[in-house]
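Starting from 1, each residue takes its place in the sequence as its number. All ligand and atom numbering here is 1-based and tracks the order in the structure.
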Amino acid sequence: MDESDADGEAGGRIELGSASAAPGTLDRGRLPVAELPTGGAERLPVVVANGAEDGPTLWLTGGVHGDEATGVAVVQDAVAALGECLADLAGAVVAVPVVSPAGLRRNARETYYADEDPNRHFPDADAESARPPKLQERIDARLYAAITGHTPDDTSEFAVETVGTNAAADALIDCHTAGVGSESFAIRDRVLYGDRRSESEAAALSAELGRLIDAFGLPVVREYPAAEYVEENLQRSTAGAVLNEAGVPAFTAELGAHSVVGDARLDAGVAGVFGVAVEMGLVEAEAVPESVDEPGVGVDPAPVEFPVRRFRGPTTDDSGLVRHRVAAGDAFAEDDVLADVVNAAGEERGTVRADSDGYVLGRCEGLAVYEGDPIGSLAVRDDGDLVVPRDADEE
Ligand SMILES: [Zn+2]
């Protein structure tokens, strides 16, 4: 593959699976990624909106968690709206609205292939396993090959042929939703340096990511610190692998709560995609359709001024029924009581206090808590770096 194919700027026809879009056209198709026991193939829906002019390629993915309705709708509606302005599009948008058809069929986060998070199995060259990869890992590796243009070490008939398809991403937005009643936010992963890239290359990649995520218009929440990030396998999420393995700017959008499409969140997501497309030079600001809002319109801004990172907690020391004192969007200070834990008769058993300043993204679902359970999804003050060594001992 030559360099112009790898960075998606060669122009010309874009082919992915059965979709084939000449410049100035949109096509829909299917990308086979695995064989099913019942016959036939697991196929991911793909939509390619190929602009009349050459330019960068933006990927949109949704539905890696099969119950995250708004994320799927954002990808469907954003690529359709971009498809309405192909004459003004310099570059292309490649969309996969449902990354996990097996999760969608169940309306559930996990698939029936395995009771595991499908968004933790993307390639990581450092991941060591004595066992051969199972189905989800193979599917994620094939999608990753399509996104990045990296031809995988995969001899199956479902290995995605990427050479010369012009489909490789210059940026990716992976659309999700969070818990019941959750705020909308965008997650900015830290860029790791070490074997993959130097510290200065990581800084340049992080700066480019910062530009795009700010253009999306949702409050930005930094991802967990490096050790917790790798421990939770988040470098193997869709955005994590595209960013930290392939070195392509990528982020996760969390668009409110799961299971039902939230109309305001849908509008904010589509507006955010256009904001990123404008920032990338895919489309001029004047060419954005009037029906599309400015990025960030209708979105609750962060109620604090300082940088924040994602935090699941604090945890309760007592088992019982949780009675929250704060709601999504509320700011709090270190040592504030965030929740009481009571027994079933309603008597106080204990309180749960904030470990630091921040605000509430959402409350954990479920009335019952056991000792050690987190009670919230928080955005807490972050004084850490955005560019960090993958292994602490590389410092
Ligand atoms: Zn999700």
Side-chain angles (χ1 to χ4, degrees), residues 44-45 59-78 95-122 124 136-137 139-140 143-144 147 172-189 213 216 218-224 228-229 231-244 250-262 264-266 268-270 272-273 299 309-312 328 360-366 374 376-379:
L44 308 186
W59 270 69
L60 307 174
T61 49
V64 68
H65 295 134
D67 60 344
E68 297 184 350
T70 305
V72 174
V74 165
V75 176
Q76 290 174 330
D77 288 9
V96 180
V98 178
V99 164
S100 179
L104 179 74
R105 291 183 199 109
R106 299 180 68 203
N107 274 314
R109 181 179 177 87
E110 284 90 16
T111 71
Y112 44 77
Y113 313 141
D115 197 18
E116 295 173 341
D117 189 333
N119 201 32
R120 300 290 184 274
H121 294 81
F122 281 79
D124 174 3
Q136 188 67 57
E137 195 167 352
I139 290 173
D140 289 354
L143 176 60
Y144 175 86
I147 296 169
L172 172 135
I173 306 170
D174 188 36
C175 297
H176 288 247
T177 60
V180 168
S182 177
E183 295 288 282
S184 293
F185 55 100
I187 301 175
R188 180 173 183 174
D189 289 17
I213 201 167
F216 195 72
L218 297 188
V220 175
V221 176
R222 298 173 177 184
E223 190 51 289
Y224 301 122
E228 187 177 2
Y229 180 71
E231 187 179 303
E232 294 293 320
N233 265 328
L234 283 157
Q235 84 284 10
R236 304 191 64 187
S237 67
T238 317
V242 171
L243 178 71
N244 270 312
F251 66 88
T252 300
E254 298 281 358
L255 295 142
H258 59 77
S259 295
V260 177
V261 174
R265 312 303 176 105
L266 168 56
V270 171
V273 170
V299 175
R309 66 178 165 84
R310 211 146 75 97
F311 176 70
R312 263 187 97 66
V360 181
L361 296 171
R363 304 186 280 197
C364 284
E365 293 174 32
S377 169
L378 308 182

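For a distance bound of 2.8 Å, the N, O or S atoms of His65 include one lying that close to the Zn ion (ligand 1). The Zn ion (ligand 1) lies at 2.8 Å or more from every N, O or S atom belonging to Glu254.
His176 contributes ND1 as its N, O or S atom closest to the Zn ion (ligand 1).
Taking all atoms of both residues into account, the shortest heavy-atom contact from Thr177 to Leu255 is CG2-O, 3.4 Å.
Of the possible donor and acceptor atoms, one in the side chain of Thr70 sits under 3.5 Å from a partner among the backbone N and O of Gly262. Although no hydrogens or angles enter the test, the distance criterion places no donor-acceptor pair under 3.5 Å between the side chain of Arg109 and the main chain of Gly103.
When the ring pair (Phe, Tyr, Trp, His ring centres under 6.0 Å) test is applied to His121, no partner is found at least two apart in sequence or on another chain.
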